[in-house]
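Atoms within each ligand, like the ligands themselves, are counted from 1 in listed order.
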Amino acid sequence: MDFKQLYPHFIEEFDDKPKEACGVFGMIAPGEEVARLAFFGLYALQHRGQESCGIATFDNSNVFIHKDVGMVSQVFDEKNLSKLKGDIVVGHTRYSTTGSNNVCNAQPVLVSHKDKKIALAHNGNLVNANLLRESLIKNGYSFESTTDSEVMAKLIVQELDKGNDLTTAIKTTFSQCKGAYSIVIGTNDYLIAIRDPDGVRPLCIGNTSSGKYVIASESCALDIIGAAFVRDVAPGEIIFINRQQKLNSNLFVSSIKPHHCIFELIYFSRPDSTFKGLSIYHFRKELGRQLAREAPVKADYVISVPDSGTPAAIGFAEESKLPFGEALIKNRYIGRTFIQPSQMLRELGIRLKLNPIRDIIAGKKIVVVDDSIVRGNTSRKIVRLLKDSGAKEVHMRISSPPVQWPCFYGIDIDSREQLIAAKSNSIDEITKFIEADSLKYISHEGMIKSTSLQREIFCTACFSGEYPIEIPPELEGAKLRYEQAASN
Ligand code: SF4
């Protein structure tokens, strides 16, 4: 089943935000119910990918795996979780940035070398996956999926087939991989974590009260199982952890220049996660404060586009000394739905997701704060919704700069044609398109200043066009490149 193929219009129509690539989770914990803990870890990471998910567990000699299309609560139940035995676990929740969404692309990817199994879960995107895949095929390796994650797993197998030990095989594999990857690997003996030399996607280490190590995309997945944040996995670091909880760390590149995705701070990560020890919520509020200093407006109320725009809206309201009101209530349970869009649903549009509180809005000048504008359709619908609810004026304020460039590092913004800020020449044109009384974005400098960190440690390519990891020209708009190649 592939719900994008079944219901393509529905997804497009009601979901106009960039999509995260994936969430990963791993744990090595003799004596604990690791599959159940991974289930809750994946629940906390559900925002990073809602198309498919999976869990693989290992004991000393066996592997158990269950994965499918759907959200964590749809894919797992008591029956299938109870079959996932063992004390090492790797979990994954996926949005497809390379390859389409079907069950064979669900992760963890499971590969074999002799009688040993390896399960790999990946967040990010390789920019040289095509080349690596072609060379593997030339060397006689075949593929079951269309993901770059399977390319990495098969590269490890190729290195093992050459007679290398697992440490050398992993080091050699990842020194060939270019792009963004935060990875958790499970085997019968180890839990392994790997982060690319630019550290584009997040990956952190936690420790439970009984001293068991946990690896997760975000600290919110540690919190949910009662584990404490220890540290981030460093860019270019490979970590091996054994059952005795001995952690062995290696760097697989000689020079490290981090380029953390700044969009993680603005939108993707959960506000209760941390970045360099500080809450994402704190950063987002600061973005709102900075935005208020840069683009003040005389208004009656500041409201947010929930949920991701809320901390910035609170910061904007505090800095402007304006009241913050919750005027758009999110229907939290609509989520991803399999219902096909009838004419009636099309007419309901944004109302399926957001319901306005007219008492707050009617007759008022409203500042509405959101984290980003991608295509512009959702912003236009929100402005119309507020005006239909009686707003006198609607001023849109955005806590990121204009998104003008595609992302090749694991976020689904893969063509400039999709981006209103790339298509339209001016902010005035975008303001007209979304039908707002005014529109302002935070400046690039303001965004960086709000982090209190150096500009150099961030990737800001979707705002600036400056890509820290070289992009092959053939990649733009090539999300389904393997399928296209196969059908030619
Ligand atoms: S291009 Fe944008 S979304 Fe992609 S990694 Fe860089 S900052 Fe993040």
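If you look at atom 4 (Fe) of ligand 1, the protein N, O or S atoms less than 2.8 Å from it are Cys407 SG.
With a heavy-atom cut-off of 4.0 Å, Glu466 does not touch ligand 1 at all.
By the salt bridge (charged side-chain N to carboxylate O under 4.0 Å, His left out) test, Glu319 pairs with Arg289, Arg293, sequence neighbours left out. Taking the salt bridge (charged side-chain N to carboxylate O under 4.0 Å, His left out) definition, one finds that Asp272 meets it with Arg270, sequence neighbours left out.
Looking at Arg48 and Glu218, a side-chain N of the basic residue comes within less than 4.0 Å of a carboxylate O on the acidic one, giving a salt bridge. Residues Lys257 and Asp198 are not paired through a salt bridge, judged by the lack of any N-O separation under 4.0 Å between the basic side chain and the carboxylate.
Using a 3.5 Å distance cut-off with no hydrogens or angles, the side chains of Ser149 and Gln107 do pair a donor with an acceptor.
Under the salt bridge (Lys or Arg N to Asp or Glu O under 4.0 Å) criterion, the residue pairs touching residues 437-452 are Lys387-Asp437, with sequence neighbours excluded.
Minimum heavy-atom separation, Arg201 to Cys407: NH2-SG, 4.3 Å.
Heavy atoms of Arg201 come nearer than 4.0 angstrom to ligand 1 in at least one pair.
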